[in-house]
Protein chains: 2
Amino acid sequence: MASEIAKFTQILRDSSISVTTARLAIFQTLLKSDRPLKNGEVASRTPSVNRASVYRSLDLFDRLGITTTLIRGWTPFVELADPFKPHHHHLLCEKCDAVTVITSDEMERLIHQLAEKHSFAPSSHHFEVKGTCHNCQHL
Amino acid sequence: MASEIAKFTQILRDSSISVTTARLAIFQTLLKSDRPLKNGEVASRTPSVNRASVYRSLDLFDRLGITTTLIRGWTPFVELADPFKPHHHHLLCEKCDAVTVITSDEMERLIHQLAEKHSFAPSSHHFEVKGTCHNCQHL
DNA sequence: CATTGATTGCGACATATTTGCAATAATGTA
DNA sequence: TACATTATTGCAAATATGTCGCAATCAATG
């Protein structure tokens with residue numbers, strides 16, 4: 001917890017960007033949540049920070065790779081990225097909206113292999129499979 | 001081109017959904033574009049159809065698997081899905097915004113293998129790598 | 001080509017996101 | 001610690017996005 005905040009401040013410092021109370025508050029909101037949040041949810045869970053500033057911070061976090069965005073329907077949800085949450089991917093059930101978290105070493109290997117083939121230097125990646133989960137297949 | 005439209009009408013018919021001029025117009029907007037579009041862009045490129053109806057159609061297309069949504073920053077972009085565009089994934093350059101399209105049989109195989117492991121029935125998937133493209137690494 | 005039910009346009013809401021600018025806070029330095 | 005400099009924030013107004021109910025219209029079917 002404390003170490004996440006240290007990591008966070010380090011990332012900002014490394015880019016010569018101020019560590020402000022607003023940014024810390026927003027970061028902690030993300031840290032405390034056990035699920036990805038809509039932008040608006042981040043704002044309402046961080047009442048000490050003005051809505052416009054929340055948006056500005058979320059933009060910044062995205063650019064710095066602190067957060068990633070995933071989409072359900074058309075609504076974007078933000079969550080903390082790799083350095084802060086264990087690396088994972090999603091299986092999204094279209095029937096019941098369940099999210100299954102998966103990991104795969106083979107997937108990680110393949111990603112780097114593909115990137116190399118295209119002389120691409122990967123900084124992050126995200127991967128989603130939509131479909132029907134185990135439970136919903138039997139309803 | 002004509003065959004895409006045939007495929008499109010077939011999908012609607014198969015679900016007993018009317019093939020209307022509005023839906024065709026929107027579909028053609030997507031077909032004509034060489035890049036994913038924001039919802040609003042779809043609307044402004046299809047002036048013959050009311051904005052509210054564009055949204056309704058895009059919802060429908062998404063549910064029918066005609067389109068997929070991807071996200072840049074926080075903004076959702078729609079593009080035609082697999083049956084209409086060759087199946088592919090993206091390498092997104094964070095410096096110059098270039099999008100490199102990649103394909104990988106091995107990736108496809110791995111996806112199905114992972115899904116099976118979780119008793120998940122995949123209907124679609126999307127995969128993105130962010131990073132620095134070949135050109136921008138040498139600037 | 002008439003019937004019927006689905007779809008659309010319209011216009012008014014409701015939300016969400018962005019912007020300019022003055023006030024405030026963070027940083028580096030003495 | 002206090003100061004100067006610059007980045008960041010809050011605020012309020014402007015845009016942009018997405019949603020809704022309902023009457024008018026259109027597509028499918030026989």
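Reckoned from all heavy atoms, side chains included, excluding hydrogens, waters and symmetry mates. Chain letters run A, B, ... following the sequence lines, proteins first and then strands; every chain starts at 1.
- Contacts of residues 35-46 of chain A with DNA chain C (heavy atom under 4.0 Å): A:Asn39.
- A:Phe27 places a side-chain heavy atom less than 4.5 Å from the side chain of A:Ile5.
- Qualifying side chain to side chain contact (heavy atoms under 4.5 Å, CB included) partners for A:Ser15, counting only residues two or more places apart in sequence or in other chains: A:Ile17, A:Leu64.
- The two residues B:Thr29 and B:Val42 come nearest to each other via the heavy atoms CG2-O, 4.2 Å.
- Less than 4.0 Å separates DNA chain C from at least one heavy atom of each of the following residues of residues 50-59 of chain A: A:Arg51, A:Ala52, A:Tyr55, A:Arg56.
- Using a 4.5 Å heavy-atom threshold, the side chains of A:Leu92 and A:Val129 count as separate.
- Taking all atoms of both residues into account, the shortest heavy-atom contact from A:Leu91 to B:His118 is CD1-CB, 3.7 Å.
- Across all their heavy atoms, A:Asn39 and A:Val54 have their closest contact at O-CG1, 4.5 Å.
- On the nucleic acid side, DNA chain D has its first and last nucleotide under 4.0 Å of a heavy atom of chain B at D:dT17 to D:dA28, going 5' to 3'.
- Judged as a salt bridge (charged side-chain N to carboxylate O under 4.0 Å, His left out), and not counting sequence neighbours, A:Glu108 has no contacts.
- Across all strands, B:Thr75 comes closer than 4.0 Å to no nucleic acid atom at all (heavy-atom distances).
- Applying the salt bridge (charged side-chain N to carboxylate O under 4.0 Å, His left out) rule to pairs touching residues 34-45 of chain B yields B:Arg35-B:Glu41, sequence neighbours excluded.
- Sorted by first and then second residue, the ring-ring contact (aromatic ring centres under 6.0 Å, His included) pairs with a member in residues 39-70 of chain B read A:Trp74-B:Tyr55, B:Phe8-B:Phe61; sequence neighbours excluded.
- Residues passing the ring-ring contact (aromatic ring centres under 6.0 Å, His included) test with B:Phe120, sequence neighbours excluded: none.
- Taking the salt bridge (charged side-chain N to carboxylate O under 4.0 Å, His left out) definition, one finds that A:Glu116 meets it with nothing, sequence neighbours left out.
- For B:Trp74 and B:Ser16, each mapped to the nucleotide of DNA chain C holding its nearest heavy atom, the one lying further toward the 5' end belongs to B:Ser16.
- If you run side-chain contact (heavy atoms from CB on, under 4.5 Å) between A:Arg109 and each of A:Glu106, A:Met107, A:His112, only A:Glu106 comes through.
- Annotation: side chain to side chain contact (heavy atoms under 4.5 Å, CB included) contacts of A:Ser123 (sequence neighbours excluded): B:Glu94, B:Lys130.
- Taking each heavy atom of B:Ala43 and B:Arg51 in turn, the nearest pair found is CB-CG, 4.1 Å.
- Side-chain contact between B:Leu12 and B:Ile66 is present, with heavy atoms from C-beta onward closer than 4.5 Å.
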Nucleotide N/O of nucleotides 25-29 of chain C paired with protein N/O under 3.5 Å:
residue: C:dT27; atom: OP1; partner: A:Val19; partner atom: N; Å: 3.0

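- Each end of the helix from C:dC1-D:dG30 to C:dA30-D:dT1 gets its own axis, taken as the rotation carrying the C1' atoms of four end pairs onto the next four within a five-pair window, and the two axes meet at 60° to the nearest 10 degrees.
- Separating the CG atom of B:Leu12 from the P atom of C:dA6 is a distance of 15 Å, rounded to the nearest angstrom.
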